[in-house]
There are 2 protein chains.
Amino acid sequence: MMINRNNPIPAYIQLKRIIKDQILAGRLMPGDRLEPEWKLAARYGISRNTVKKALDGLKQEGYIHQFQGKGTFVSQPRISHRFVTTISFTEELLARGLRPSSRLLEGGELIPPADIAKELGLRKGEKVYKIRRLRFANDDPVGVNLSYIPCKICPGLLGEDLEKGSLYALIQEKYHFRIVKVRRDYETMPVDREIGELLEMELGSPVLKMTGVVFNEMGKAVDYSIEHYK
Amino acid sequence: MMINRNNPIPAYIQLKRIIKDQILAGRLMPGDRLEPEWKLAARYGISRNTVKKALDGLKQEGYIHQFQGKGTFVSQPRISHRFVTTISFTEELLARGLRPSSRLLEGGELIPPADIAKELGLRKGEKVYKIRRLRFANDDPVGVNLSYIPCKICPGLLGEDLEKGSLYALIQEKYHFRIVKVRRDYETMPVDREIGELLEMELGSPVLKMTGVVFNEMGKAVDYSIEHYK
DNA sequence: CAGTGGTCTAGACCACGCT
DNA sequence: GCGTGGTCTAGACCACTGA
């Protein structure tokens with residue numbers, strides 16, 4: 001399949017279509033490396049910038065990812081878009097016109113309990129960062145967030161400012177992930193003493209407990225979190 | 001604010017930040033037209049291609065849109081998919097000031113496939129209602145909802161008006177449940193033909209697929225649903 | 001018509017991963 | 001060192017809009 005320069009469809013869209021078809025047809029499998037950009041440019045008789053524009057689109061749609069110095073690879077699952085916006089406490093509150101903020105309660109590094117290690121797909125002895133934050137909306141405490149994040153996935157995370165903005169945005173920006181899959185359990189339950197004190201609630205009032213795992217485009221679990229919301 | 005070429009942050013990201021800040025600060029209001037690309041390039045001392053890359057990012061994030069031959073305009077604040085913290089489509093849309101409605105595509109009674117029976121905790125041969133609805137926001141189709149609800153939990157459900165309001169509200173009211181636990185999986189994927197036609201989307205555009213189970217206060221699964229949203 | 005964004009080129013240098 | 005993607009330039013022509 002070649003690019004037809006008489007076709008009014010732009011070359012980068014034609015190339016995108018060609019590569020996408022190869023992925024959907026299984027001729028390119030998840031994990032496969034594509035030819036380097038310069039070679040694609042030569043093969044299809046277009047400039048490298050045009051190849052980049054095609055690849056940008058495919059990256060955007062979650063079909064591929066790229067690593068500087070390594071190459072271009074077909075992504076694991078199907079497709080992704082901006083999942084952050086649907087899962088981020090920070091953006092959620094901003095969208096509602098509230099002012100979100102956080103206070104770091106605890107940040108450390110440890111070997112996680114077996115059940116959490118299993119959810120994260122970690123081998124025995126692999127460490128995680130444990131990050132516990134109290135969340136505010138307009139300075140009212142509204143939630144407690146406990147996250148376990150594999151150290152090998154996000155090295156140096158504790159050196160970041162964990163009280164500013166969205167943790168997911170930080171992770172995606174710093175480590176160049178895209179979050180493509182989310183699993184969430186929601187449950188209402190009476191509040192226990194510890195959470196109740198943090199959220200300034202009466203003992204036994206109902207809280208929303210949310211447990212979740214998020215996955216990046218390579219199918220790796222990036223975060224296991226337990227959250228309690230008023 | 002200018003672009004600092006000694007700053008290791010790429011010029012296009014610096015420009016993106018500058019423009020985004022102007023929008024967030026209200027110096028650029030929704031509907032305002034930005035300077036033409038060539039003028040931005042001259043003002044910030046970078047090439048037009050670099051300006052385009054910054055604008056592409058902002059377009060991508062929904063802050064601006066562009067029209068060939070007309071210019072670059074600040075977008076209305078984005079409506080984000082915030083299904084995570086809400087259970088009910090109806091309530092979600094009402095909260096956003098949109099008018100929700102539904103059209104019943106399919107309503108019947110059947111023995112569910114084994115995997116769905118398992119999710120619902122049903123014994124062999126126990127029937128479910130299968131309810132498929134197209135969802136509208138202000139008469140635009142925005143989602144397709146497929147629900148499996150155990151007949152023994154909600155007897156006579158098909159006799160109700162399934163196009164009016166929230167199915168969850170109906171179920172909770174008629175059968176005196178409280179929904180206390182929800183499990184949700186979110187994933188984005190390219191739209192297939194059937195859903196694409198219902199939602200009036202181009203084949204392969206990304207849709208949010210949500211799969212979920214809700215439980216009542218007795219721990220019984222009340223509903224297994226598969227939904228696709230624009 | 002002039003002005004705008006859309007596409008595209010043929011280069012360049014840099015940052016990074018690997019061997 | 002070499003190959004990769006990341007960024008950037010200074011042009012060019014086209015398609016579309018609106019006066």
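Proteins come first, then strands; the chains are lettered A, B, ... in the order of their sequence lines, and each starts at number 1.
Whole-Å rounding puts the Lys39(A) NZ to dG3(D) P distance at 10 Å. Distance Leu55(A) CG to dC8(C) P: 14 Å, rounded to the nearest Å. Counting to the nearest Å, the C1' atom of dG5(D) and the CG atom of Asp56(A) are 11 Å from each other. A straight line from NZ of Lys16(A) to P of dT7(C) spans 11 Å, rounded to a whole angstrom. Rounded to a whole Å, the NZ atom of Lys52(B) is 13 Å from the P atom of dT4(C). One can place CD of Glu37(B) at 14 Å from P of dT9(D), the figure rounded to the nearest angstrom. Separating the CZ atom of Arg33(B) from the P atom of dT17(D) is a distance of 14 Å, rounded to the nearest angstrom. Nucleotide dT7(C) holds its P atom 8 Å from the NZ atom of Lys59(B), rounded to whole Å.
Every side-chain contact (heavy atoms from CB on, under 4.5 Å) that Ser47(A) has, sequence neighbours left out, goes to Asn49(A), Thr50(A). Partners of Gln68(B) according to the side-chain contact (heavy atoms from CB on, under 4.5 Å) rule, which considers only residues two or more places apart in sequence or in another chain, do not exist here.
Within a 6.0 Å radius of NZ in Lys220(A), no more than 12 heavy atoms belonging to other residues, nucleotides or ligands are found.
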Listed pairs under 3.5 Å, donor-acceptor, residues 51-58 of chain A side chains, sequence neighbours left out:
{"residue": "Lys52(A)", "atom": "NZ", "partner": "Glu37(A)", "partner atom": "OE1", "Å": "3.4"}
{"residue": "Lys52(A)", "atom": "NZ", "partner": "Glu37(A)", "partner atom": "OE2", "Å": "3.3"}

Result block: side-chain N/O donor-acceptor pairs under 3.5 angstrom for residues 28-35 of chain A, not counting sequence neighbours:
{"residue": "Asp32(A)", "atom": "OD2", "partner": "Met29(A)", "partner atom": "N", "Å": "2.8"}
{"residue": "Arg33(A)", "atom": "NH1", "partner": "Lys70(A)", "partner atom": "O", "Å": "2.8"}
{"residue": "Glu35(A)", "atom": "OE1", "partner": "Arg43(A)", "partner atom": "NE", "Å": "2.8"}
{"residue": "Glu35(A)", "atom": "OE1", "partner": "Arg43(A)", "partner atom": "NH2", "Å": "3.3"}
{"residue": "Glu35(A)", "atom": "OE2", "partner": "Arg43(A)", "partner atom": "NE", "Å": "3.4"}
{"residue": "Glu35(A)", "atom": "OE2", "partner": "Arg43(A)", "partner atom": "NH2", "Å": "2.4"}

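Between Thr50(A) and dT9(C) there is a side-chain polar atom (N or O) within less than 4.0 angstrom of OP1 or OP2. One finds a side-chain N or O of Gln66(A) lying less than 4.0 angstrom from the OP1 or OP2 phosphate oxygen of dG6(D). An OP1 or OP2 oxygen of dT7(C) is reached within less than 4.0 angstrom by a side-chain nitrogen or oxygen of Lys53(A). The phosphate of dT4(D) (OP1 or OP2) has a side-chain N or O of Trp38(A) nearer than 4.0 angstrom. The side chain of Tyr12(A) contributes no N or O atom lying less than 4.0 Å from OP1 or OP2 of dC8(C).
Checking dT9(C), dG5(C), dC8(D) against every side-chain atom of Ser47(B), the shortest atom distance belongs to dC8(D).
Between Tyr224(B) and Tyr148(B), the ring planes are tilted. Angles from 30° to 60° get that label.
Applying the side-chain hydrogen bond (donor to acceptor under 3.5 Å, both in side chains) test to residues at least two apart or on different chains, none of the pairs has a partner in residues 4-13 of chain B.
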(message) For nucleotides 11-19 of chain C, give me one character per nucleotide, 5' to 3': B if any protein heavy atom sits under 4.0 Å from the base, S if the only such contacts are to the sugar-phosphate, - if neither.
(response) BB--BBSS-
